[in-house]
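Note sheet for the following structure.
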Amino acid sequence: MPKSEERMIDKDGVRIDGRKYNELRQTKIEVGILSNADGSAYIEQGKNKILSAVYGPHEVHPKHLALPNRSRLRCRYHMAPFSVEERKSPAPSRREQELSKVIREALEPSIFLEYYPRTSIDLFIEILQANGGTRCAGITVASLALADAGIPMRDLTTACAAGKVEGQLVLDLTDNEDKKGEADVPVAYMPNLDAITLLQMDGQLTLEEFEKTINLSLEGCKQLYELQKEALKVKYVAVKEEVEE
Amino acid sequence: MSTVARIKRTQIAQLMEKGKRLDGRELTAYREIKIEMGIIEKAEGSARILLGDTEVLVGVKIEVGSPFPDTPNEGVLTVNAELVPLASPTFEPGPPNENAIELARVVDRGIRESKAINLEKLCLEPGKKVLVVFIDVYVLNHDGNLIDASAMAALAALLNTKMFKYEIEEEEIKKKPGYDPLPMQNYPIAITFAKINGKLAIDPWLEEEQVMEARLTLTTEKDGKICAIQKGGTGYFTVKQIVELAQTAREKASEIRKLLVKE
């Protein structure tokens with residue numbers, strides 16, 4: 001157990017894992033890695049390891065859930081029992097049910113659901129290892145899985161949190177920073193439309209700090225957006241080369 | 001969205017363009033709030049809130065339980081919400097659905113993050129026995145903005161919660177006659193806004209909720225700091241809108257706080 005007096009940020013402003021206040025964790029993204037799914041993607045953001053898959057648009061089961069004018073987006077955010085320090089029961093917790101709802105609402109504005117009436121799009125986010133900021137990384141990777149499934153979208157959705165730790169505003173909090181910090185503000189964003197589609201906060205911030213924090217989150221979102229586009233390109237360059245061979 | 005909702009949406013949106021609303025309010029006007037406290041004698045604390053026609057009853061029960069391993073010196077706070085079927089034709093019996101869970105968790109977040117209850121004072125025996133505060137939100141009539149009404153009712157119920165006096169004798173907890181108030185140290189107030197056709201209105205009622213693109217709830221503390229936020233719905237907000245709403249929420253919350261807290 002680390003001592004509780006241990007500082008999260010040293011006197012030079014360097015965080016425990018060596019990052020600056022506005023630096024994202026080391027992030028690796030891959031698109032199209034599950035053969036059965038219509039679309040899939042994988043992200044490693046620091047120690048977070050998250051897999052996302054999309055099935056659909058396809059027939060809705062049960063049928064009465066079909067909507068006459070658009071597709072129904074369904075989302076399941078789920079943590080593997082071994083993803084956290086103490087084993088998590090595989091049954092969906094209240095937290096997971098809330099996150100499934102807010103993630104669905106964060107991604108829905110990006111999708112042209114009206115193109116596929118009477119169908120459903122089923123989106124799965126499996127947290128294989130969690131270390132803080134999984135709802136955001138989950139959104140970032142799920143948006144890529146949707147793109148990989150060829151579902152028409154207005155923009156990619158990208159998400160990142162910022163918060164306050166030991167009095168300083170920092171980007172992309174780890175689990176430890178979130179627990180010991182004073183506030184956490186997860187944000188999902190569509191950069192091309194300048195639209196915030198998920199916003200939550202817990203902790204304590206003044207109005208001025210809150211405004212700075214949300215802008216810091218958006219800086220993180222914009223960096224992740226570039227990584228998302230890069231990952232999509234890598235997949236399609238690979239496909240193109242395969243075809244040309 | 002049903003066909004009726006589409007027609008109504010156009011009507012509501014057109015009115016909002018002119019700064020008006022279907023129920024005659026202005027965009028920044030909150031509905032009338034009525035509060036009754038201590039109406040359930042068997043509960044340690046209770047309150048009923050009427051927010052227009054929205055009606056929420058909150059009961060607080062206190063029991064002895066064990067603390068969480070990571071906070072051995074703190075009492076436990078739990079919030080549950082029931083969307084009781086008698087409150088709306090759209091509510092069904094059964095375990096809480098995602099709306100009820102979200103409602104409970106947003107109310108919980110406001111109370112927890114503002115440290116409204118001094119949980120350290122609810123510790124009886126570190127690591128072994130603490131008081132557990134159960135806040136049960138019971139929605140009795142749904143006419144929109146359940147979050148604000150529930151958060152307000154929860155705070156009102158906590159403010160009139162009586163904690164039994166006790167003494168520890170040979171590791172046994174013995175109740176003594178008499179009561180103490182719950183150790184309250186902050187008063188979080190949630191304020192919700194709806195976005196309809198790009199326009200923003202405070203305290204949406206049912207018909208506005210049915211057609212809104214998105215909502216934003218901001219909970220502020222007694223010193224004006226923000227302690228919880230939740231965006232809902234499938235629409236979006238811009239940073240500029242959010243910052244403006246935070247400002248309005250802070251002002252409105254301090255007005256409502258005066259109704260609940262007599263300091």
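Quick note on labels: first sequence line is chain A, next is B, and so on, each numbered from 1.
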Distance, nearest 0.5 Å, that separates [atom1] of [X] from [atom2] of [Y]:
X: Glu113(B); Y: Asp202(A); atom1: CD; atom2: CG; value: 4.0 Å
X: Leu218(B); Y: Leu199(A); atom1: CG; atom2: CG; value: 7.5 Å
X: Tyr236(B); Y: Arg154(A); atom1: OH; atom2: CZ; value: 9.5 Å

With a 4.5 angstrom heavy-atom cut-off, which part of Asp108(B) approaches chain A: side chain, backbone, both or neither?
->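 It is neither, since no heavy atom gets under 4.5 Å.
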Is chain A contacted by the side chain of Arg250(B), its backbone, both, or neither, given a heavy-atom distance below 4.5 Å?
->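 It is the side chain, since no backbone atom gets that close.
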Decide if atom [atom1] of [X] counts as having more than 12 heavy atoms of other residues, nucleotides or ligands within a radius under 6.0 Å.
X: Glu85(A); atom1: CD; result: no
X: Phe68(B); atom1: CZ; result: no
X: Tyr21(A); atom1: OH; result: no
X: Phe124(A); atom1: CZ; result: yes
X: Lys212(A); atom1: NZ; result: no
X: Glu92(B); atom1: CD; result: no
X: Phe112(A); atom1: CZ; result: yes

Between Gly235(B) and Pro109(A), which heavy-atom pair has the shortest distance, and what is it?
->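 Smallest interatomic distance, heavy atoms only, reads O-CG, 4.0 Å.
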For Gln204(A) and Glu221(B), test the side chains for any donor-to-acceptor distance below 3.5 angstrom and give the result as yes or no.
->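 Indeed, the side chains of Gln204(A) and Glu221(B) share at least one donor-acceptor pair under 3.5 Å.
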Would you say the side chains of Gln200(A) and Gln230(B) form a donor-acceptor pair under 3.5 Å?
->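 Distance-only check passes for Gln200(A) and Gln230(B).
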Specify which of [options] makes the most heavy-atom pairs with chain B at under 4.5 Å.
options: Met190(A), Arg95(A), Gln97(A); result: Arg95(A)
options: Pro68(A), Gly203(A), Ala106(A), Pro186(A); result: Gly203(A)
options: Leu218(A), Leu207(A), Val185(A); result: Leu207(A)

Measuring only between side-chain heavy atoms, which start at C-beta, is [X] closer than 4.5 Å to [Y]?
X: Met201(A); Y: Ile226(B); answer: yes
X: Thr238(B); Y: Ile196(A); answer: no
X: Phe210(A); Y: Ile242(B); answer: yes
X: Lys101(A); Y: Asn99(B); answer: yes

Quick one: of Gly224(B), Ala228(B), Gly233(B), who has the most non-hydrogen atom pairs under 4.5 Å with chain A?
->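 Ranked by heavy-atom pairs under 4.5 Å with chain A, first place is Gly233(B).
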Is it true that Glu105(A) and Arg215(B) have a side-chain N and a carboxylate O under 4.0 angstrom from each other?
->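 Arg215(B) and Glu105(A): not salt-bridged.
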Hey, is Glu98(B) close enough to Arg104(A) for a salt bridge, meaning N to O under 4.0 Å?
->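 Answer for the salt bridge query: yes.
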Structural part of Leu198(A) lying under 4.5 Å from a heavy atom of chain B =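 Leu198(A) touches chain B through backbone heavy atoms alone.
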Under the salt bridge (Lys or Arg N to Asp or Glu O under 4.0 Å) criterion, do Glu102(B) and Arg94(A) qualify, and how do the steps go?
-> CA-CA 8 Å; Glu102(B) 185 187 31; Arg94(A) 289 159 66 91; over 6 Å; no
